[in-house]
Structures are given as structure tokens and as C-alpha cells.
Protein chains: 2
Amino acid sequence: MNNSSGLGLRERKRARTSEVIHVAAAELALERGLDAATIEAISDRAGVSTRTFFNYFPTKEDAVLGIDEVAVSAELDKVRGCDGDLFLALFDLITALFEATGGGIKSDLKRDVIRKYPHLMTRQMVRVAELEDRLSAIVAGWLAKDARFAEQTEAEHLEAARIILGVSLATVRITMKKWASDPDPATGPPASAAPRETYERAIATLGTVMEKLR
Amino acid sequence: MNNSSGLGLRERKRARTSEVIHVAAAELALERGLDAATIEAISDRAGVSTRTFFNYFPTKEDAVLGIDEVAVSAELDKVRGCDGDLFLALFDLITALFEATGGGIKSDLKRDVIRKYPHLMTRQMVRVAELEDRLSAIVAGWLAKDARFAEQTEAEHLEAARIILGVSLATVRITMKKWASDPDPATGPPASAAPRETYERAIATLGTVMEKLR
DNA sequence: TTGCATTATTGCGTGCAACGCAAAAAATCA
DNA sequence: TGATTTTTTGCGTTGCACGCAATAATGCAA
């Protein structure tokens, strides 16, 4: 480790290659369509062999979305508290997982490609849902430190955490789908603010619905 | 239409073939594993060509689960009211979609195969989620006839319906996952009662959580 | 019952995804 | 520099998904 970033050359190069492949995949999907963006074409543009492609991404869709398993896992390992609203904290965590990879142009690309192929959002959600165990453990940790859940057992915390997580994921999915189907916001305001508010209102709606339906 | 079932011979034969393929797929998956249950092997056992396989199911997993698009659509077209608890009515609707196809041995097969390969449950949920628009329209209809939502606009009904649907799907998924990971219930009591109660308790938990977290 | 129209089945061929394996290339370290 | 470890790559294999056109089965009408 003789450099400034704390990462060896190998790791940096690996991250860079991952990004190159992702960008190639996403751009190709935007330019010529998802079907035409074949793995061979993506690999060509990225300047790697098709075999190397699979050393970085298990599926084409993962490459288009730029899902970097290592980065996602690292993001999960960050210790997070929950100071304010639990649902909002969870929203931030989930969206952080979406964008885990370091960023750069990627966010915009990802947004465009999901806009064009909304089913990728579902894919993305499924991927996050696969982290269910780790995520619900985090939420359970939050509950354990929350005075309002002090009287509950650890098992009950986990139970509640799973439900909260599932509900949040569903709500994020709805939120993002709406966001993706919206007409372009004219590149005006910070595009990332809107979904968070939409999500917040959706949770509020859920609150009143639960109240009325019991 | 000169028979008792109201279906022509063609339709009956089609339904039968669909079932034969599904059973072959599920049994093979149970006997030799999901990977070994190749489309060629399934088709062989079902006595059809591999090409015919794709005339009935778009993917191998759909065949294993026995997802009959026609039957699902028919199930959706049944008019359903919501007399009692809305969440429970939604649970019944969703699980009815799961089992849509007419049944027979299928339910047991399906249960076993999902037990063995839980990720198929996620697949199943994704399939149902693809019906989001039609399902949320149904729920919105229920809300429209509900006195407690009388003051809301149609758009608000649809908005709330989407959220309710998403939450229910998530909860069903959690419920079914738990059910699938449970040890065999010794073939004792009606196995279908348990998930419904588990779901009911989960919704109740969500209610108290929402109360505490606002 | 027979002939016609419709629909289903099948074989063939294509393209692509995914991955195992071992050789070659590159990066790290001593 | 030379040895070690990791990465990249080429090659080959298997299986999924489907288009197309020929063939077979079925339903319908005369």
C-alpha cells in the first residue's frame, strides 16, 4: 500500500475496469437498445474479452446497472446509526446501495437506462432484497436502541425489522417507478430530492391507511 | 361446445398438456435438482418436443411453478368484492393467483419445489408484481366502496392502492418464505391455514410499528 | 363423412448467456 | 532481476429462447 488512496494498484485497476465495462454496457443499451447490447459488443467497447466480462459481472443486467458486489458489501459494512426517522434512514440506506460503486458519471447513466428500461428497477430491487438478512439485522439493531421498542425481545425486533424492510423496499420500488416514468425534469433541480419526498409521503399515506383499516 | 365443462376439446387438451409439462418439470426438479431438470429432460418426460415446451411456458422456472398465464388472467377477471378485512382479502387474492391453474396434485408439488428452491418464491412474487396495474385497480375499487375512504379522490384511491398492494406483496413474500423454511408440519393440520394467520399477525405488527414510528 | 380452415406440434437452425479449464500475460514482491 | 501470485484471455461446452416453415391434429360446415 504505497499510494494515497489506501488501495493497491490492483484494486484500483479492478474498480476502474468494472466502471469501464459498466459504462460501455449502459451506453450501448441507451444507444442501440438493451437487446443489441450483447455481451460481445459490450466487451468490445470496454476493451476486454468476453470471458473477462464474466470475471466482473455475473449477468449482463448487472453490468448495465453497474452492480458491484464488492462495493455494495462495503457499503453495507459501514456502521450506520439511525438518529431521526427510521423509514427515512432506511430509504437512504437502500438508495446508497443502489449507487454504491463510487459514482462519477454513473448515476446519470443509470438513471437514463432505468428510465428507458423500467424492468431493470425491479431487477435492482430483487438484488437488494437478496441482502434481506443483513439489512434486517441492521434495522433490528436500530430498533434495539429505540426507546419505543425497549419492551420487545430481540426476536420481536428481528420480526418487526423484516416487515419494516419489506415495506420500505416495496415503497422505494413504487417511488422509483414513479420517478422513472416521470417526464424528464428539465435537468433543473437536484433530481435526487424528489424521490425522497415522494417516499416520505408514501409512508405517511401508509400510516393513515393502516389507521383506517384496523 | 358440446361438452359439460364449457370448454372446447382444444382448450381442455391445452390445459392438460400444460399440466403435464408442469408436473414433469416439478417432479424432475425434485428428483434430480433444478439444474439437472433441463428443458430437454422435461420435454422428454412430458412427451412433447422442446419446441412445444416454449409454446406453453416462456421459461423453465415458469414451467416448474406451473404459471399458466391464461389461468392467472382468468382468475384476475373474476369480480371480487371486499366484505371483511381488506388486507386479508388481498392475501386471498394473491394466493389465489399463486394457485391459479385448476389445481390437482399441483399444489403439493409446488409447495415441495418451493421448499427446496426458495428463490422460486421470489420469482413467483415478481410475476405477481407484474400484474401491479390490474391488481391495484382492483384494490382501488375496494377503497372507492369503503366508507372510510369516501372523502378521498379517485387518484388518491389509486395511490393508496398501490402502496397497500406493495406492502401486501412484501408481507406475503415474508410469510411464504417463513412457511417455506419451516420444517415439514408433519402433514398434520391444513397447511394452508398457517400462512394466512402468519400474514395476519405480520400486518398487525406493521400497524403497531407505524403507530410507534410516527 | 368428407373436405376445408384453423390451430398445434415439431424439426431445424440461429444467437446468445454463462461458465469451466488451462495457457499466457501482467502485476507484486523479494 | 527472478519468482510468485493474480488476472486476462482463448477455447470449448452446455443450455435457454425463439423464428420459421413443414407437418399433423382438430373443429366446423356442407
Side-chain angles (χ1 to χ4, degrees), chain A residues 1-22 24-25 28-29 32-65 67-70 117 119-120 123 126-127, chain B residues 1-22 24-25 28-29 32-65 67-70 117 119-120 123 126-127:
Chain A
M1 261 185 239
N2 46 4
N3 59 73
S4 57
S5 70
L7 293 171
L9 193 152
R10 269 203 167 117
E11 278 153 317
R12 275 181 288 133
K13 191 171 181 185
R14 179 166 186 86
R16 202 182 134 279
T17 303
S18 175
E19 172 114 1
V20 167
I21 294 176
H22 159 59
L28 256 178
R32 303 188 203 169
L34 195 53
D35 284 345
T38 178
I39 288 184
E40 199 183 350
I42 294 170
S43 305
D44 276 359
R45 179 183 279 225
V48 298
S49 71
T50 64
R51 195 61 191 75
T52 298
F53 176 95
F54 286 107
N55 289 337
Y56 283 86
F57 297 99
T59 69
K60 190 173 80 172
E61 297 191 332
D62 278 31
V64 170
L65 290 168
I67 296 177
D68 184 334
E69 202 49 57
V70 179
Y117 301 102
H119 80 271
L120 290 176
R123 186 76 176 190
V126 171
R127 276 273 182 273
Chain B
M1 259 182 236
N2 45 4
N3 61 72
S4 56
S5 70
L7 293 171
L9 192 152
R10 266 203 171 120
E11 277 153 316
R12 274 181 287 133
K13 190 171 183 187
R14 179 166 187 88
R16 201 182 134 279
T17 304
S18 176
E19 174 114 1
V20 167
I21 295 176
H22 159 59
L28 257 177
R32 304 189 203 167
L34 196 53
D35 284 346
T38 179
I39 287 183
E40 199 181 349
I42 295 169
S43 304
D44 276 0
R45 177 183 281 225
V48 298
S49 70
T50 64
R51 196 59 191 77
T52 297
F53 176 95
F54 286 108
N55 288 339
Y56 283 85
F57 296 99
T59 70
K60 188 173 81 172
E61 297 191 333
D62 278 32
V64 171
L65 291 169
I67 297 177
D68 184 333
E69 201 50 58
V70 178
Y117 301 102
H119 79 270
L120 289 176
R123 186 77 175 187
V126 171
R127 277 273 181 273

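Chain identifiers are assigned alphabetically (A, B, ...) following the order of the sequence lines, protein sequences preceding nucleic acid strands; residue numbering begins at 1 within each chain.
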Problem set entry | Distance-only donor-acceptor test (3.5 Å): side chain R51(A), base dG12(D) | no

For this session: State whether S49(A) places a side-chain N or O below 4.0 Å from either non-bridging phosphate oxygen (OP1 or OP2) of dT8(D).
Result: no

For this session: Select one nucleotide: of dA17(C), dA17(D), dT10(C), the one nearest the side-chain heavy atoms of T59(B).
Result: dA17(D)

Exercise. What integer distance in Å separates E61(B):CD from dA17(D):P?
Worked result: 8 Å

Seminar exercise, completed: Atom CG of N55(B) and atom P of dT9(C) are separated, to the nearest Å, by 6 Å

Problem set entry | Under 3.5 Å: donor-acceptor pair, side chain of S43(B), backbone of I39(B) | yes

For this session: Figure out the NZ/C1' separation between K60(A) and dC19(C), and round it to whole Å.
Result: 17 Å

Exercise. Among dT9(D), dC16(D), dT9(C), which is the nearest nucleotide to the side chain of T38(B)?
Worked result: dC16(D)

Exercise. Does Y117(B) use its side chain to pair, donor to acceptor, with the backbone of L34(B) at less than 3.5 Å?
Worked result: yes

For this session: Carefully, step by step, assess T59(A) and R123(A) under the rule side-chain contact (heavy atoms from CB on, under 4.5 Å).
Result: CA-CA 11 Å; T59(A) 69; R123(A) 186 76 176 190; 4.2 Å; yes

For this session: Please state how far atom CG in D35(A) lies from atom P in dG19(D), giving the value in whole angstrom units.
Result: 11 Å

Seminar exercise, completed: Picking from dC16(D), dA26(C), dT9(C), the nucleotide nearest the side-chain atoms of K13(A) would be dA26(C)

Problem set entry | Length of the CZ-C1' vector between R12(B) and dG27(D), whole Å | 12 Å

Exercise. Quick one: F54(B) CZ to dC12(C) C1', roughly how many Å, whole number?
Worked result: 15 Å

For this session: Measure from the side-chain heavy atoms of I39(A) and tell me the nearest of dA17(C), dT9(D), dA17(D).
Result: dA17(C)

For this session: Determine the contact category for Y56(A): base if any of its heavy atoms lies under 4.0 Å from a base atom, sugar-phosphate if only primed atoms, P, OP1 or OP2 are that close, otherwise nothing.
Result: sugar-phosphate

Problem set entry | Ring geometry between F53(B) and F57(B) (parallel below 30°, tilted from 30 to 60°, perpendicular above 60°) | tilted

For this session: Write down the distance between CZ (F53(A)) and P (dT8(D)), rounded to a whole number of angstrom.
Result: 14 Å

For this session: State the CG-OG1 distance between D44(B) and T50(B), to the nearest 0.5 angstrom.
Result: 9.0 Å

Exercise. What is the distance from CG of L28(A) to P of dC16(C), rounded to the nearest Å?
Worked result: 13 Å

